[in-house]
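Accompanying notes for the structure given below.
Lettering follows sequence order; numbering is per chain, from 1. Keep in mind the model is a prediction, meaning the values are calculated, not measured.
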2 protein chains.
Amino acid sequence: MTTIRDVATAAGVSRATAARVLSSPELVAEKTRARVLEVVERLGYSRNSVAASLRTTRTGRIVVTVPDISNPFFSRVIRGVEEAAQEAGYAVLLGDTRNDRDREEQYAEMLNRREADGIIFLGHRLPTTLARILDRDGSRAPIVNGCEFTPSLGVSSAHIDNAGAAREVMESLYTMGHRDIALVLGPPDSPLTRDRLIGAQRAAEDHGLIGRLIAESGDFSVESGRRAANVLLSLDRPPTAIFCFSDEMAIGTLAAARSAQISCPEALSVVGFDDIQMARYVDPPLTTVRQPMADIGRKTVELLLDILHGRQAGPVSATLPHRLIIRQSVGLGPFGRPGAPA
Amino acid sequence: MTTIRDVATAAGVSRATAARVLSSPELVAEKTRARVLEVVERLGYSRNSVAASLRTTRTGRIVVTVPDISNPFFSRVIRGVEEAAQEAGYAVLLGDTRNDRDREEQYAEMLNRREADGIIFLGHRLPTTLARILDRDGSRAPIVNGCEFTPSLGVSSAHIDNAGAAREVMESLYTMGHRDIALVLGPPDSPLTRDRLIGAQRAAEDHGLIGRLIAESGDFSVESGRRAANVLLSLDRPPTAIFCFSDEMAIGTLAAARSAQISCPEALSVVGFDDIQMARYVDPPLTTVRQPMADIGRKTVELLLDILHGRQAGPVSATLPHRLIIRQSVGLGPFGRPGAPA
DNA sequence: TTGTACGCGTTATCAC
DNA sequence: GTGATAACGCGTACAA
């Protein structure tokens, strides 16, 4: 491999000059610069980033961990992350943690080994390795959280207003004349579940219907949605609307209803969450809450770069806009007036 | 940050010994080892991987490029890649190229800058940077291709038998009594399109029906599938079966049929390709070709490691098993006998 | 504007 | 079994 030394020799300048041509070209005379560049080209020189990193203590990499990269929600977020990182000159080290603590720790360790300049973790558990770093460096620690927000973590985060969104969904369901509504939650320990549940309950209370709000737990997957729906639909007094905390669970609910010959939206209304690509292609197209997935990803990168470049410290919480997308999976409930908004 | 030097000093040994405790503990006396380890623990020492890489010329990273990480097919492959890499002690640098030549080159350049030990590219275009490396190092170049296979590239690759799979699909459609079959292809320059088209045509020829085989082009996306289907379904003599070269296009086709009030599978049979997760949840569940996505990902990593560890050179082509998954989107065609396999 | 010289933190090769 | 010490390739303060 050709080094800066080879370039310098071939161009008849010192290593310093050759190096300068590549890092601060303006400091070097037009003519020498041209000569050096010509040699760089001819020899096919490429800077050894490892050596450069050792010198500068910057790697130009960030690690990003996700519970499941093949989940359509996360893969969109990751895409936003990759794009923003790439634009800023950073490379992305991808970690699929499968919600496994050990894997999470392993990726967090990369920070200690200086394999990356910062880390974005998508998930709600703060690895102890990161907690220690946070402890030591406080708000200047290059750690950012995405999608879920737990203020007590003390790290910056990008997310939507989950409670608000859930509340809107409930409001719209009540407006459509539904009274017996069921929730299909995510895992109980997820802040996502917590926030959305709070929002939904608040709406139910506002309408004096908290007593008729029921819930089943899932894990955001299609199968868990199907299972939960099967339970709910075989109740003595089944709900007329099911609000799932993920589109995948909503799709599972649709499948369960189909199997049970319950037609949607005539006999059962279904609402999802996220607005993944498939939401609009299932039958009936799914009413859901659109999360700006790519933007969430991009924003986490921005927050991290703010810390990395010393622009901004303190944990900042970025709330991005969501939007209720009305499609055809919601119909009028028993108390709906035909004139009500479809 | 604490360095090996600090550890050595605190433990009262030389840097060499301290370092040895971490890389070849068996060479160090029990007592000194324990002492050093205690200090490592107490000081919270973590090896600086950058310095280590500079010395060893190995980074422990591989770069993986995909056209679109949010595509359900690729995200599964990537998951397999991540898993296998992780197990082997490698980290994954993710590159989303969006089929953009410049981006592809940019990620390929990482090899020259020694940001990674090897590269896996999912896609069919060999970046010129890689071509140069291949030119120089021949079969020992740490470059592997996945999903698509073009022998002339001269790189190892993991994939299924695309032509064979397409042929099977056609055979099964003919057996079900279909004669007017339409293909929805991928981009014309893709080897995937080429191979599957060859397989489909071969089957048509075998049945003397090549004259009745028609085709439309798509780009593997849902929308392109819908567009293609709209064209096909408004033909004077529309096909009774549409074989799409991706599940997403098949889902688009299902949507087009629904809009046109053409019921599937009664009036139109649809077949997809890949068996992405959603394939079984759309209505009707999609008959498709299952690709072992995660295994393809894992295999590309194995192939790369073979090269990296000098176990195997020469371009090897790994053909993984696929399987035709029969679900409900295919029904009997005009020439089908009721007794035929459903 | 250019060159000299040092150090980044490891690992590996020698001696002892 | 342990210790000196020389690379690895680069960036940059400082001197010229």
Side-chain angles (χ1 to χ4, degrees), chain A residues 1-40 43-61 89 91 109-117, chain B residues 1-40 43-61 89 91 109-117:
Chain A
M1 266 294 144
T2 116
T3 75
I4 194 71
R5 210 185 187 104
D6 302 330
V7 173
T9 310
V13 296
S14 72
R15 275 162 56 227
T17 304
R20 257 190 296 259
V21 169
L22 292 130
S23 47
S24 340
E26 70 279 7
L27 295 184
V28 70
E30 172 82 44
K31 281 185 64 174
T32 17
R33 193 194 320 163
R35 189 147 36 97
V36 171
L37 285 177
E38 185 271 326
V39 175
V40 164
L43 266 46
Y45 169 77
S46 228
R47 157 210 270 109
N48 181 325
S49 71
V50 177
S53 288
L54 181 58
R55 207 44 250 269
T56 61
T57 69
R58 294 185 350 94
T59 64
R61 286 186 292 270
E109 279 289 348
M110 294 183 120
L111 236 48
N112 286 332
R113 289 201 301 269
R114 267 127 306 176
E115 303 218 37
D117 300 335
Chain B
M1 269 293 146
T2 115
T3 75
I4 195 71
R5 207 181 192 110
D6 303 328
V7 172
T9 310
V13 296
S14 72
R15 270 154 59 218
T17 304
R20 256 188 299 256
V21 169
L22 290 114
S23 47
S24 340
E26 70 280 6
L27 297 184
V28 168
E30 171 82 44
K31 281 185 63 175
T32 17
R33 196 196 317 164
R35 189 148 37 95
V36 170
L37 285 176
E38 186 272 325
V39 174
V40 164
L43 267 46
Y45 169 77
S46 228
R47 152 203 281 114
N48 181 326
S49 71
V50 178
S53 289
L54 179 58
R55 199 52 244 262
T56 61
T57 68
R58 291 186 353 93
T59 64
R61 287 186 291 269
E109 278 289 347
M110 295 182 118
L111 236 48
N112 287 332
R113 289 200 302 268
R114 267 128 306 179
E115 303 217 36
D117 299 336

With A:Ala19, which residues qualify under side chain to side chain contact (heavy atoms under 4.5 Å, CB included), at least two apart?
A:Ile4
For each nucleotide in nucleotides 8-16 of chain D, reading 5' to 3', give B when a protein heavy atom comes within less than 4.0 Å of its base, S when such contact involves only the sugar-phosphate, and - otherwise.
BBBBBB---
Atom-pair distance ([atom1] on [X]; [atom2] on [N]), nearest Å:
{"X": "A:Arg33", "N": "C:dT2", "atom1": "CZ", "atom2": "C1'", "result": "14 Å"}
{"X": "B:Arg35", "N": "D:dG1", "atom1": "CZ", "atom2": "C1'", "result": "12 Å"}
{"X": "A:Glu26", "N": "C:dT2", "atom1": "CD", "atom2": "P", "result": "13 Å"}

Show me the side-chain donor-acceptor pairs of residues 11-18 of chain B shorter than 3.5 Å, one per line, residues at least two apart or across chains.
unit_1, atom_1, unit_2, atom_2, d
B:Ser14, OG, B:Ala16, N, 3.4
B:Ser14, OG, B:Thr17, N, 3.2
B:Ser14, OG, B:Thr17, OG1, 3.2

Donor-acceptor pairs under 3.5 angstrom involving side-chain atoms of residues 46-53 of chain A: please list them, not counting sequence neighbours.
unit_1, atom_1, unit_2, atom_2, d
A:Asn48, OD1, A:Val50, N, 2.8
A:Asn48, OD1, A:Ala51, N, 3.2
A:Ser49, OG, B:Arg113, O, 3.0
A:Ser53, OG, A:Ser49, O, 3.0
A:Ser53, OG, A:Arg58, O, 2.9

Return the set of residues passing salt bridge (Lys or Arg N to Asp or Glu O under 4.0 Å) with B:Glu109 (not counting sequence neighbours), or none when no residue passes.
none
With sequence neighbours excluded, what pairs up with A:Arg114 under the salt bridge (Lys or Arg N to Asp or Glu O under 4.0 Å) test?
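Salt bridge (Lys or Arg N to Asp or Glu O under 4.0 Å) check on A:Arg114 returns nothing, list empty.
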